[in-house]
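Below: the structure, in structure tokens.
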Amino acid sequence: MLTVTLLDAHLARCSSARHLLQIHAQFVASGLLADAFAASRLILFTTSTRLLPLPFHHSLRLLHVVHRPNAFSCNMVLKAAREHGLPHLCLPLYASMSAAPDCYTHTILAAACATRRAIEEGRQVHCHAVRHGFGRNLYLANALMSMYSACGCLGDARKVFDAGPVWDAVSWNTILAAYVQAEDVDQAVGVFARMPERGAAAVSSMVSLFGRRGMVDEARKVFDGVERKDVFTWTAMISCFQRNGKFAEALALFSDMRGEGWPVDEAVMVCVVAACARLEVTRNGEMCHGLAFRAGLGSRLNVQNALIHMYSSFLNVVAARRLFDSGQCLDQFSWNSMIAGYLKNGSVKDAKELFTVMPDKDNVSWTTMISGCVQNDQSSEALTIFNNMQAQGIKPDEVTLVSVISACTNMSSLEQGKSMHEYIREHQYTITVILGTSLIDMYMKCGCLESALEVFDTMEERGTPCWNAVIVGLAMNGLVMKSLDMFSEMESSSTATPNEITFTGVLSACRHAGLVEEGQHFFKLMQHKYHIIPNIRHYGCMVDLLGRAGYVKEAENLIESMPMSPDVPAWGALLGSCWKHGDNEVGERVGRKLVNLDPHHDGFHTMLSNIYASEGMWQHVKDLRGSMKQWHVPKIPGSSVVESSLPL
DNA sequence: TTAGGGTTAG
């Protein structure tokens, strides 16, 4: 005869599916089906055991044969349904419950609605709970807040919070997480400040939020302020560095974390591998790969995906493909990363092959193919793929549209560009900074200034990139003064700050128009007012500007003062100016340097030999000719005269 | 029995 005590004893010793089925049979045979408490013991065991392949189905069958199951039994089965990927079965199950729900039931149901993002059913659960008198239950309130936040109904989550009883740490963390998820920095900061205690969970949330919004210093401050860090806090901070381009800092912090004896888990490994990928230091990456293996994380899907991405960015598609092929079960990340890897390596054909056999192509897969084609000079193919994507009913997002527009820009196809703009209007996409910038860029490159400015004028939010697109675009189209006017307007706007690209635009505008004084003004302005260190392009512009205007010595001084080694175009521009303005002294120095720097560039040989010729240094001319691959007729002004006067 | 935080692809 099986009793509850005996049943418990059996279950405690149960170690195989066969044994469990025997207990089950005995349970039915002994009539314990009528004992709700005994049934709940067995159901609890079946929902939490790993002995059965389908624990949920087993517990559900049990529930159906038990005579009068209690609320506890039902709760356990509901919980099992949610945890085993069947949350949609929870509400039907609840509707068929014979037992009266208890204070835990609606909590589980709310959680199930949260996983399904089922707001309407979630509200019904809320009503039912109130009707049953559990409206002020703390656990239920926490679950409801979490449900509303998962469904994007922040206002409702806040209402529950404001109406709430006394809150515990979970409540505070839940409402904080709601604002973090919505990326509402102001509200999150407000909640964080009001929290009675700021534990590791809250800190992780805040660090991750700041990280996503590019507020690295704020994240660091919060991170440094917490005494009891855990793996989550460390991961959040490492991820913050990683996603904001501070890869070396991410690796250094990871090293600190390990120095303090923290174990390495899957998530932190993924972040660190991603940092290695972006840092593009092969040795670091291989060390991380080794570490992941030693930590027993080598076969974790997410780690493998991060490694596929890493080896792709090291241009080692073979290693990436080996990982891809060795994966037991691949997900979207694996496929999309591998396809992106081929495209980054210029293997459009391999990418296409993989893309064709990929089972479920999502919008990232399509966008990867589109932007990959654009990057590999196959813009027209990119448009074809975009059409196929629409035919498949996949909705393009902002990144997709930007890629397609850049395909139009590359092809200088105003017609296609316009129809993309039309598509954006028709489907009522918000013209964000990134989308607006790509439209302005497209219109500018197609010479359609009016449309470019129209997009700019109608934009609600004007960040730095769209100002840059206008300033650079106007300069490119020869509207130099208008471009400089826009720069002044940008300076007085509150939503944008000039950056490196802005000054590339204004300096090249000055260069096109030969505005030496203005150019020098901007070159100083960028350094003194905006603390921007000029890059090689800025220097190149200034050298060319000064040289063309005849300030050859000043140009030479500037090129000599550059903190980086000047590139061939900069030296070449100066040499051209020397020749044009007949400054043979500087010209000879520069010419010699260039001929050494780029021995295969016949144009430089020609120019230098012209300079020697005009000085009557014929031996030098002969020596130079001897080192040239072939003699080109010089393409510079006056050169034919020099050519014909050579005494051969 | 119930609730909260970190992760990778375009």
Side-chain angles (χ1 to χ4, degrees), chain A residues 40 43-44 47-48 71-80 82 102-111 114 134 137-147 149 167-178 180-181 198-209 211 223 229-240 242-243 265-275 277 300-310 312-313 331-341 343-344 362-372 374-375 396-400 402-403:
Chain A
S40 72
I43 286 177
L44 172 64
T47 54
S48 53
F72 177 89
S73 294
C74 297
N75 292 346
M76 286 302 96
V77 178
L78 286 172
K79 182 172 168 259
R82 180 173 100 84
D102 65 8
C103 64
Y104 299 110
T105 312
H106 300 99
T107 309
I108 302 170
L109 293 175
F134 305 123
N137 180 283
L138 179 63
Y139 293 149
L140 174 80
N142 289 341
L144 285 174
M145 276 196 281
S146 170
M147 184 273 291
S149 134
W167 293 120
D168 67 351
V170 176
S171 324
W172 282 100
N173 286 335
T174 307
I175 192 72
L176 177 68
V180 166
Q181 213 178 12
R198 291 180 270 279
V203 169
S204 308
S205 287
M206 289 306 289
V207 169
S208 128
L209 173 62
F223 176 79
K229 297 182 175 63
D230 66 7
V231 194
F232 288 79
T233 350
W234 284 98
T235 310
M237 195 60 225
I238 291 169
S239 157
C240 167
Q242 192 275 121
R243 67 198 322 160
D265 76 355
E266 187 173 352
V268 77
M269 205 65 241
V270 168
C271 290
V272 171
V273 171
R300 296 293 187 86
L301 181 59
N302 291 332
V303 174
Q304 283 189 339
N305 291 344
L307 286 168
I308 290 172
H309 176 234
M310 184 188 83
S312 298
S313 64
D331 66 0
Q332 296 301 100
F333 282 95
S334 334
W335 285 87
N336 291 340
S337 301
M338 194 61 235
I339 292 170
L343 290 164
K344 189 171 182 184
D362 59 15
N363 71 326
V364 177
S365 328
W366 288 93
T367 310
T368 304
M369 283 304 296
I370 291 169
S371 80
V374 176
Q375 274 150 25
D397 66 8
E398 195 186 65
V399 186
T400 322
V402 168
S403 302

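Here is how names work: the chains are called A, B, and so on, in the same order as the sequence lines, proteins then strands, and each is numbered from 1. Quick caveat: nothing in here was measured; it's all calculated off a predicted structure.
At B:dG4, one or more side-chain N or O atoms of A:Ser146 fall inside 4.0 Å of OP1 or OP2 (strictly under the cut-off). Distances shown here put every side-chain N or O of A:Gln375 at or beyond 4.0 Å from the OP1 or OP2 atom of B:dG10. For A:Arg243, a side-chain nitrogen or oxygen approaches OP1 or OP2 of B:dT7 to under 4.0 Å. Considering only side-chain N and O atoms, A:Ser337 lies nowhere under 4.0 angstrom from the phosphate OP1 or OP2 of B:dT8. Note on A:Arg82: a side-chain N or O is less than 4.0 Å away from OP1 or OP2 of B:dA3.
Rounding to whole angstrom units, CD1 of residue A:Ile238 and C1' of B:dT8 are separated by 15 Å. Between the P atom of B:dG10 and the CE atom of A:Met369 lies a distance of 14 Å, rounded to the nearest Å. Atom CE in A:Met310 sits about 16 Å away from atom C1' in B:dT7, given to the nearest Å. Between A:Lys79 atom NZ and B:dA3 atom C1' there is a gap of 12 Å when expressed in whole angstrom units. The separation between A:Leu140 atom CG and B:dT1 atom C1' is 14 Å, rounded to whole Å. B:dA3 atom P lies 15 Å from atom NE2 of A:His106, rounded to whole Å. Put simply, CE on A:Met145 is 10 Å from C1' on B:dG4, counting in whole angstrom units. One can place CG of A:Asp168 at 15 Å from C1' of B:dG5, the figure rounded to the nearest angstrom.
Nearest heavy atom pair, residue A:Lys344 against residue A:Ser312, reads CD-O, 4.2 Å. For the residue pair A:Thr235 and A:Val231, the shortest heavy atom distance occurs at OG1-O, 2.6 Å. Across all their heavy atoms, A:Asn75 and A:Ile108 have their closest contact at O-CD1, 3.5 Å. Scanning all heavy atoms of the two residues, the minimum distance from A:Ala200 to A:Ser204 falls at O-OG, 2.7 Å.
Here A:Phe232 does not lie in a stacked arrangement on the base of B:dG6, lacking the combination of planes under 30° and ring centres under 5.5 Å apart.
Nearest nucleotide to the side chain of A:Phe333, out of B:dG5, B:dA9, B:dT7: B:dA9. Nearest to the side chain of A:Val270, among B:dA9, B:dT1, B:dT7, sits B:dT7. Minimum atom distance to the side chain of A:Gln332 is reached by B:dA9, of the listed B:dG5, B:dA9, B:dT1. Proximity note for A:Ser205 (side chain, C-beta onward) versus B:dT1, B:dA9, B:dG5: the nearest is B:dG5. For A:Asp265, counting side-chain heavy atoms from C-beta on, the closest listed nucleotide (B:dA3, B:dG6, B:dT8) is B:dG6. Proximity note for A:Ser239 (side chain, C-beta onward) versus B:dT1, B:dG10, B:dT8: the nearest is B:dT8. The side chain of A:Asn363 has B:dG10 as its nearest neighbour among B:dG4, B:dT1, B:dG10. Closest to the side chain of A:Val231, from the set B:dG10, B:dG4, B:dG6, is B:dG6.
With sequence neighbours excluded, the residues that form a side chain to side chain donor-acceptor pair (under 3.5 Å) with A:Ser171 are A:Asn142, A:Asp168. Listed by chain and residue number, nothing satisfies the ring-ring contact (aromatic ring centres under 6.0 Å, His included) test with A:Phe72 (two or more places apart in sequence, or in another chain).
Once rounded to the nearest 0.5 Å, the distance linking CE of A:Met206 with SG of A:Cys240 reads 12.0 Å.
Residue A:Thr400 is in base contact, counting any heavy-atom pair closer than 4.0 Å across all strands shown. Counting non-hydrogen atoms under 4.0 angstrom, A:Gln242 reaches the backbone sugars and phosphates but no base. Counting non-hydrogen atoms under 4.0 angstrom, A:Ser204 reaches a base of the nucleic acid.
Scanning atom types as modelled, one donor and one acceptor separated by under 3.5 angstrom connect the side chain of A:Asp397 and the base of B:dG10. For a distance-only test at 3.5 Å, the side chain of A:Asp230 qualifies as a donor-acceptor partner of the base of B:dG5. A donor-acceptor contact under 3.5 Å links the side chain of A:Thr367 to the base of B:dG10.
Side-chain contact between A:Asp265 and A:Val268 is present, with at least one heavy-atom pair separated by less than 4.5 Å.
Near DNA chain B, meaning a heavy atom under 4.0 Å from it, residues 301-309 of chain A has A:Asn302, A:Asn305, A:His309 in order of number.
Proximity of a side-chain donor or acceptor of A:Asn302 to a complementary backbone N or O of A:Asn305 within less than 3.5 Å is not detected.
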